[in-house]
Amino acid sequence: MTQFGKGCHLHLIDGSAFIFRAFHALPPLTRKSDGMPVGAVQGFCDMLRRYLDHDHGNDAPTHIAVIFDKGSHTFRNDLYDQYKANREEMPEDLRPQIPLTRRATEAFNIACKEIEGFEADDIIATLSCQAREAGGRVTIVSSDKDLMQLVGDGVEMFDAMKNRRIDREGVEEKFGVSPDKVVDVQALAGDSVDNVPGAPGIGIKTAALLINEWGSLEELLENAEQIKQPKRRQTLIEKREQIELSKRLVQLDCETPLEFTLDDLEVRDPDPETLLGFLSEMEFRSLSKRVAETLGREAPVIPDTTPEGANPPEDDAPDAPPIDPEAYEQVSDMAALERWIEKARDRGWVAVDTETTGLNEMACGLVGISLCIEAGEACYIPLAHRAAATDDLFGSDDLAEGQIDMDKALEALKPLFEDPAVMKIGQNMKYDAKIFARYGIEIAPIDDTMLMSYAMNAGLHGHGMDTLSERYLSHTPIPIKSLLGSGKSQITFDRVPVADAVKYAAEDADITLRLWQLFKPQLHRAHVTRVYEGLERPLVPVLAQMEMAGIKVDRDVLSRMSGAFNQKMAQLEEEIHELAGESFNVGSPKQLGEILFDKMGLEGGKKGKTGAYATGADVLEDLATEHDLPARVLDWRQISKLKSTYTDALQEHINKETGRVHTSYLIAGANTGRLASTDPNLQNIPVRSEEGRRIREAFVAPEGKTLVSLDYSQIELRILAHMAEIDALKQAFRDGQDIHAMTASEMFNVPMDEMTPEVRRQAKAINFGVIYGISGFGLARNLRIPRSEAQGFIDRYFERFPGIKAYMDETTAFAKEHKRVETLFGRVIHTPEIAAKGPRAGFAKRAAINAPIQGTAADIIRRAMIRMPEAIESLPATMLLQVHDELLFEVEAGAEDSLIDAARKVMEAAAEPVVKLDVPLVVDAGQGANWAAAH
DNA sequence: GCTATCACG
DNA sequence: GACGTACGTGATAGCC
């Protein structure tokens with residue numbers, strides 16, 4: 001044992017910097033056997049190995065340690081609550097890897113040090129000071145400029161990336177002052193990364209100039225009055241306090257209380273068994289081979305070897321026992337629950353599923369929770385099952401035996417569900433997250449097998465658990481109907497006998513875990529990791545919040561409208577019956593068809609495949625020019641629709657407790673990446689007709705608040721202009737021109753100032769037609785013109801904008817070759833039907849043309865929504881609804897303009913930085929007491 | 001449970 | 001030469 005002193009050389013590795021560099025520099029990697037993300041761990045180990053093997057010459061370490069941060073709150077947060085406040089959240093795939101890097105360090109037999117509530121930098125500073133005082137030398141392995149103040153008197157830094165030592169000269173090069181003056185410069189210049197304010201308008205260059213002129217920050221501030229430049233003088237005088245605070249923030253603490261000494265850090269050889277054991281547990285094949293070579297050992301055999309670089313097999317299913325519902329455990333006491341929680345913590349992940357009394361997360365009760373950690377080993381924790389009925393039909397209100405008290409169970413589970421180091425895996429996690437939120441648990445981090453499937457398989461099949469289980473695990477889960485029954489005699493889950501519930505519920509968690517282990521490594525290979533992690537998963541908490549917020553709906557407004565509609569319908573019905581000469585059900589297309597075409601003998605009756613006459617709006621509109629009856633039916637239908645679907649149904653959806661309507665968004669509902677809204681659908685509230693639009697008056701802001709709506713202007717056409725690279729369109733958007741008028745002008749050679757509304761209308765129809773995969777027939781029907789004329793328009797359009805034709809051809813060719821198309825953000829939409837013959841081919845082709853455009857627009861608003869909570873954090877505003885290209889907010893009166901500024905900024909910049917669009921994104925805003933006024 | 005119809009982007 | 005079409009959704013009513 002060597003006493004640390006002269007001749008000793010301490011190397012201090014900045015562990016966090018190593019991890020982040022490893023995480024960001026390397027592609028995501030998951031452990032093959034179970035899907036655990038381990039890319040950063042591998043990178044970390046490799047960097048450690050390379051550092052130890054590196055020939056350090058005269059600078060070889062006699063003592064070494066890896067220093068980590070611990071805890072997010074330090075004394076600097078007490079000095080300044082905004083310190084490091086702009087730090088991005090740690091990526092969710094990185095969190096579970098942090099404890100593994102600690103284990104890796106220990107496996108290399110290197111001292112691994114951290115102290116709760118202290119930054120690694122302060123520990124490094126303290127150790128450096130101690131080592132220097134003892135007469136030894138120090139190498140700090142980091143390129144972090146915050147550590148540069150420590151350089152000098154035997155302390156140097158080493159940039160492992162550039163393989164370069166940083167000494168006094170290196171620091172002076174960077175800061176323009178000697179190391180002991182670095183904090184003074186930093187105090188003035190501030191640091192945007194750590195959110196240190198500094199002096200506004202003064203950067204490193206100016207700061208160095210000032211410090212060198214006055215000798216120190218204190219001298220400078222004392223003599224600030226004498227500064228010649230007025231702006232600079234004013235800043236230094238006015239911001240003095242802020243500058244002094246900044247100095248305290250950047251000054252490292254050499255007095256950190258340590259529970260170890262320098263002697264504890266002496267270099268030790270690794271124990272080959274431990275190190276190789278760890279590496280093979282992580283399944284790092286090439287790394288363990290390399291390390292084994294250095295150690296002169298046999299490389300450990302890692303089962304299920306896939307040669308690196310070779311194509312992995314199609315089937316990734318880890319060897320797992322068959323699914324056996326009899327094998328699941330019922331958790332009936334706290335001791336058993338604690339065991340499961342402990343196991344989940346050890347493992348770093350757990351599949352979770354909740355059972356409830358209904359499907360409405362806002363109004364149902366929690367009945368039980370199932371967990372699964374290893375395939376085949378799952379449990380169910382019954383919490384609110386009712387005791388079996390003894391005599392009556394309605395069952396008992398008493399709780400069944402053998403259940404843990406719900407509050408106690410949730411109290412025990414909360415730390416696990418909120419533990420950043422434990423991944424919570426679910427199928428449709430938004431549902432479970434909303435349930436837990438009602439019980440005060442913010443579940444995170446999460447993975448969602450439904451969303452993984454959606455990212456990889458959109459267009460191929462659905463993403464419900466039953467579909468996925470049958471498709472990927474060849475297993476049909478126990479149908480919920482077998483427990484609940486169906487129809488009138490259907491019971492709620494709390495009435496299901498606990499023993500049956502265990503099998504069903506635990507099986508769901510088991511299946512979810514197995515799907516996760518299968519999907520996780522596939523994401524990267526399918527090149528959709530970024531889509532999943534950036535566009536699907538982060539939307540879960542955002543949508544959960546929006547759905548829970550709901551929107552206030554005025555029942556009286558709806559009720560009055562329903563009454564008025566009722567009267568109007570009765571009146572129309574009477575007129576229709578009179579015109580028909582008999583009484584019939586106006587709402588029955590079959591009966592209506594017979595009246596119109598058989599009894600009245602009108603022309604143009606066409607029977608569809610079911611043998612019934614078509615009576616759609618387009619048919620009736622044609623007939624309406626000659627007869628009153630079809631015109632009245634059209635009126636009747638419009639009102640009937642508004643009443644049944646909106647003014648009546650919406651009232652049923654007003655939540656008793658909140659007085660608001662809470663929709664539910666399907667993240668994986670639409671193939672293109674769009675959301676879908678259900679129960680109720682708030683994405684199709686009428687707006688186009690005057691009468692329909694009045695329904696929006698029932699969507700209101702509460703007293704003292706305002707509804708604010710922001711919507712993207714022409715987003716799909718802008719995306720088309722960018723993707724198809726149409727210069728004329730791009731320029732028109734940049735110039736803020738009327739795009740439909742401009743199209744008309746180009747096509748029909750009409751000068752812009754002579755444009756008629758009719759010509760513009762036709763050009764608009766063509767522009768939209770292009771987005772949908774235009775056809776002569778479709779355009780003809782839409783514009784009600786002969787097909788030949790429509791085809792003429794299209795021909796002229798393609799002649800004028802050959803790029804559009806080229807884009808459409810290229811997209812179809814791509815789809816044919818790859819059986820998929822992609823958005824600008826890498827979202828994949830599969831198009832298996834593209835190879836079909838017959839009419840289906842036409843459908844598939846148009847869908848393939850539309851999907852990248854619609855999907856890119858969907859990606860953009862998703863990005864905006866994901867960034868929105870942080871952007872409006874400081875405002876008294878809530879995001880309530882999304883309607884494809886519109887976001888609706890509720891905001892306290894007075895803050896409307898601040899909200900519009902903040903939200904517009906996020907929306908207009910939502911494509912960046914991944915995609916730089918050639919056209920600007922423009923967002924229009926409106927506000928008012930109700931949705932009609934805000935739109 | 002399927003089909004027709006119609007509300008939205 | 002015929003096929004039969006605008007893209008993406010969800011809710012409701014009628015009907016079998």
Side-chain angles (χ1 to χ4, degrees), chain A residues 458-459 486 584-593 606-620 633-634 636-650 652-653 663-666 669-689 691-693 695-696 711-717 720 765-783 787 790 794 821 829 831 836-855 857-858 861 881-886 935:
Chain A
S486 65
F584 71 100
N585 185 349
V586 183
S588 162
K590 184 167 171 277
Q591 293 181 34
L592 175 66
K606 263 187 258 163
K607 292 189 178 179
K609 36 188 173 236
T610 53
Y613 289 111
T615 66
D618 47 349
V619 177
L620 297 189
V633 172
L634 281 169
W636 183 91
R637 276 197 183 156
Q638 192 199 2
I639 294 163
S640 165
K641 178 78 176 178
L642 295 178
K643 181 172 185 292
S644 67
T645 309
Y646 300 104
T647 57
D648 285 353
L650 273 173
E652 306 297 313
H653 280 284
T663 183
S664 181
Y665 289 100
L666 308 180
N671 287 337
T672 52
R674 271 198 181 176
L675 301 178
S677 158
T678 67
D679 307 302
N681 181 354
L682 294 186
Q683 290 182 321
N684 71 346
I685 303 302
V687 69
R688 290 174 191 169
S689 76
E691 282 134 309
R693 188 156 54 237
I695 291 170
R696 294 190 175 219
D711 68 291
Y712 284 109
S713 162
Q714 311 276 19
I715 187 166
E716 293 192 352
L717 276 176
L720 175 73
I766 297 170
N767 275 335
F768 278 104
V770 165
I771 292 172
Y772 298 147
I774 200 161
S775 76
F777 186 93
L779 184 64
R781 208 177 64 163
N782 191 280
L783 283 178
R787 201 175 147 176
I794 294 171
V821 291
I829 299 116
T831 58
K837 289 273 168 274
R840 278 145 56 127
F843 274 114
K845 182 183 159 189
R846 291 189 296 272
I849 290 167
N850 174 256
I853 303 168
Q854 187 180 116
I861 196 163
L881 301 179
Q882 188 249 43
V883 193
H884 308 307
D885 63 1
E886 171 189 7
H935 197 275

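Protein chains get the first letters and strands the later ones, always in sequence-line order, with residue 1 at the start of each.
- Candidate nucleotides C:dG4, B:dA7, C:dG8 were compared by shortest atom distance to the side chain of A:N850, and C:dG8 ranks first.
- A close approach under 4.0 Å does occur between a side-chain nitrogen or oxygen of A:R846 and OP1 or OP2 of C:dC7.
- Set against B:dC8, C:dT5, B:dC6, the side chain of A:V687 has B:dC8 as its closest nucleotide.
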- [ ] Could you walk me through whether A:T672 and A:I853 pass the side-chain contact (heavy atoms from CB on, under 4.5 Å) test, one step at a time?
- [x] CA-CA 9 Å; A:T672 52; A:I853 303 168; over 6 Å; no
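- Remark: the separation of the P atoms in C:dT5 and B:dT3 is 14 Å, to the nearest Å.
- Of the listed nucleotides (C:dA11, C:dG8, C:dG10), C:dA11 has the atom at the smallest distance from the side chain of A:T645.
- Comparing the same atom, P, in B:dA4 and in C:dG4 gives a spacing of 14 Å after rounding to whole Å.
- Of the listed nucleotides (C:dT12, B:dG9, B:dA7), C:dT12 has the atom at the smallest distance from the side chain of A:S644.
- Contacts of A:I685 with the nucleic acid, taken as non-hydrogen atoms under 4.0 Å apart, involve only primed sugar atoms and P, OP1 or OP2.
- Of the candidates C:dG8, B:dA7, C:dG14, C:dG14 carries the atom nearest the A:S588 side chain, counting heavy atoms from C-beta on.
- Residue A:P589 places its side chain closer to B:dT5 than to any other of C:dG8, B:dC8, B:dT5.
- When heavy atoms are screened at a 4.0 angstrom cut-off, A:A765 is found touching base atoms of the nucleic acid.
- Contact of A:R637 with B:dT5 (side chain to base): no donor-acceptor pair of N or O atoms is detected under 3.5 Å.
- A donor-acceptor pair under 3.5 Å links the side-chain atoms of A:R696 to the main chain of A:P686, judged by distance alone.
- Only the P atoms considered, B:dA7 is 31 Å distant from C:dC3, to the nearest whole Å.
- Set against B:dA7, C:dA6, B:dG9, the side chain of A:N782 has C:dA6 as its closest nucleotide.
- Ranking C:dT9, C:dT5, B:dG9 by closeness to the A:Y772 side chain, first place goes to B:dG9.
- When each of B:dG9, C:dA11, C:dG8 is scored by its nearest atom to the side-chain atoms of A:K641, the top-ranked nucleotide is C:dA11.
- Among the protein residues, A:E886 comes within range of no part of the nucleic acid, since none of its heavy atoms lies under 4.0 Å from any strand.
- Residue A:Q591 places at least one side-chain N or O closer than 4.0 Å to OP1 or OP2 of C:dC15.
- Among the protein residues, A:D885 comes within range of the sugar-phosphate backbone only, with heavy atoms under 4.0 Å from sugar or phosphate atoms but none that close to a base.
- Counting any heavy atom pair closer than 4.0 Å across all strands shown, A:G587 reaches sugar-phosphate atoms only and no base atom.
- Pair assignment for B:dG1 gives C:dC15, based on Watson-Crick or G-U wobble hydrogen-bonding distances that are each under 3.5 Å.
- Straight-line distance from the CG atom of A:L717 to the C1' atom of C:dC7: 13 Å, rounded to whole Å.
- Base engagement by A:I774 is indicated by at least one non-hydrogen atom pair under 4.0 Å involving a base atom.
- Within 4.0 Å (heavy atoms only), A:A617 reaches sugar-phosphate atoms of the nucleic acid but no base atom.
- Backbone-only engagement by A:N681 is indicated by non-hydrogen atom pairs under 4.0 Å involving sugar-phosphate atoms exclusively.
- Residue A:T615 is classed as a sugar-phosphate contact, given heavy-atom separations below 4.0 Å to backbone atoms only.
- Residue A:L666 is in sugar-phosphate contact alone, with no base atom involved, counting any heavy-atom pair closer than 4.0 Å across all strands shown.
- The residue A:G769 sits close to a base: some heavy atom pair falls under 4.0 Å.
- Using a 4.5 Å heavy-atom threshold, the side chains of A:I861 and A:H884 count as separate.
- When the nearest nucleotides of DNA chain C are assigned to A:K590 and A:A649 by heavy-atom distance, the more 5′-ward of the two goes with A:A649.
- Residues A:I829 and A:N671 come closest through the heavy atom pair CG1-O, 3.3 Å.
- By the 4.5 Å heavy-atom criterion applied to side chains, A:E716 and A:V770 are not counted as neighbours.
- Ranking C:dG14, C:dG10, C:dG8 by closeness to the A:A847 side chain, first place goes to C:dG8.
- In this structure, A:R846 forms a cation-pi arrangement with A:F843, its terminal cationic atom sitting closer than 6.0 Å to the ring centre and no more than 45° off the ring axis.
- Using a 4.0 Å heavy-atom cutoff across all strands shown, A:F843 reaches sugar-phosphate atoms only and no base atom.
- Using modelled atom types and a 3.5 Å distance limit, the side chains of A:S664 and A:T678 yield no donor-acceptor pair.
- Among the protein residues, A:S775 comes within range of the nucleic acid bases, having at least one heavy atom under 4.0 Å from a base atom.
- Note on A:E716: nothing from the nucleic acid sits closer than 4.0 angstrom, heavy atoms only.
- Under 3.5 Å, the side chain of A:R840 and the base of C:dT5 form no donor-acceptor pair of N or O atoms.
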